[in-house]
Amino acid sequence: EFDPAIRASLPAERLSRVREELAGEAKRAFLDAPVTGSRLQDSVAGAMRQYLGSFPGIEMLEEFRDPRSAYSIDFLLRRRGESGQEDETESRWAVEVDGPAHYFKGVARRTPTGNTLLKRKHLAM
């Protein structure tokens with residue numbers, strides 16, 4: 001939300017346009033941020049590819065960009081129709097590999113970081 005002094009100095013219509021412009025810039029910056037995996041994620045990818053080889057109707061996409069939230073999902077699994085084309089009733093599963101960087105260090109029990117909790121919440125919506 002804008003500072004009260006800024007809100008008071010701009011007409012409501014202009015404030016609305018500025019808010020939309022800022023949201024657009026923030027989304028572009030989020031989408032342009034580099035996506036990095038980890039050795040753990042690479043290891044999980046190899047195991048999943050090997051396992052999914054037994055299920056030709058399941059496709060695995062790595063670093064899939066969720067169109068709703070713009071988050072990068074480590075793996076998206078989706079069931080394809082018999083023709084190999086995307087099925088209107090396709091089932092989809094998001095798989096996130098949460099290694100040590102997703103949790104606070106030095107805490108007695110595994111406690112997810114704020115970024116991890118926020119991503120989980122957004123993807124669950």
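The chain is numbered in sequence order, starting from 1.
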Verify the cluster assignment for [X] and [Y]: are they in a single hydrophobic cluster under the rule of side-chain heavy atoms below 4.5 Å apart?
X     : Y     : answer
Tyr71 : Phe64 : yes
Val97 : Trp93 : yes
Ile58 : Ile73 : no
Leu52 : Leu76 : no
Leu15 : Leu22 : yes

Original post:
Looking at Arg17 and Glu20, does any basic side-chain N land under 4.0 Å from a carboxylate oxygen?
Top reply: no

Original post:
Between Glu62 and Arg49, is there a side-chain N and carboxylate O pair less than 4.0 Å apart?
Top reply: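 Answer for the salt bridge query: yes.
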
What are the two closest non-hydrogen atoms of [X] and [Y], and how far apart are they?
X      : Y      : value
Phe104 : Pro112 : CE1-O, 3.3 Å
Ser72  : Lys119 : O-NZ, 2.7 Å
Val44  : Phe75  : CG1-CE1, 3.9 Å

Subject >> Tyr51: partners by side-chain hydrogen bond (donor to acceptor under 3.5 Å, both in side chains), with sequence neighbours left out >> reply: none

Original post:
Step by step, would you call Asp74 with Glu63 a side-chain contact (heavy atoms from CB on, under 4.5 Å)?
Top reply: CA-CA 5 Å; Asp74 294 340; Glu63 297 300 347; 4.0 Å; yes

**OP:** Return the set of residues passing side chain to side chain contact (heavy atoms under 4.5 Å, CB included) with Ala70 (not counting sequence neighbours), or none when no residue passes.
**Re:**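 For Ala70, the residues satisfying side chain to side chain contact (heavy atoms under 4.5 Å, CB included) (neighbours in sequence not counted) are Lys27, Phe30, Leu31.
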
Subject >> Glu96 and Gln41: CA distance, side-chain angles, deciding distance, side-chain hydrogen bond (donor to acceptor under 3.5 Å, both in side chains) verdict >> reply: CA-CA 9 Å; Glu96 281 290 305; Gln41 186 175 330; over 6 Å; no

Original post:
Passes side-chain contact (heavy atoms from CB on, under 4.5 Å), Arg68 versus Leu123? Steps please.
Top reply: CA-CA 8 Å; Arg68 269 185 321 160; Leu123 291 175; over 6 Å; no

Subject >> Test item: side-chain donor near acceptor, Ser91 and Arg79, under 3.5 Å >> reply: yes

Original post:
Would a 4.5 Å heavy-atom cut-off, applied to side chains only, mark Val95 and Met48 as touching?
Top reply: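 Heavy-atom side-chain distance check passes, below 4.5 Å.
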
Subject >> His122 vs Ser69, side-chain hydrogen bond (donor to acceptor under 3.5 Å, both in side chains): CA-CA, chis, key distance, verdict >> reply: CA-CA 7 Å; His122 285 161; Ser69 67; over 6 Å; no

Original post:
Could you go step by step and tell me if Arg78 and Leu61 meet the side-chain contact (heavy atoms from CB on, under 4.5 Å) rule?
Top reply: CA-CA 8 Å; Arg78 61 184 180 188; Leu61 305 173; 3.6 Å; yes

Subject >> Test applied, side-chain hydrogen bond (donor to acceptor under 3.5 Å, both in side chains); reference residue, Thr113; option that passes from Thr116, Asn115, Thr111 >> reply: Thr116

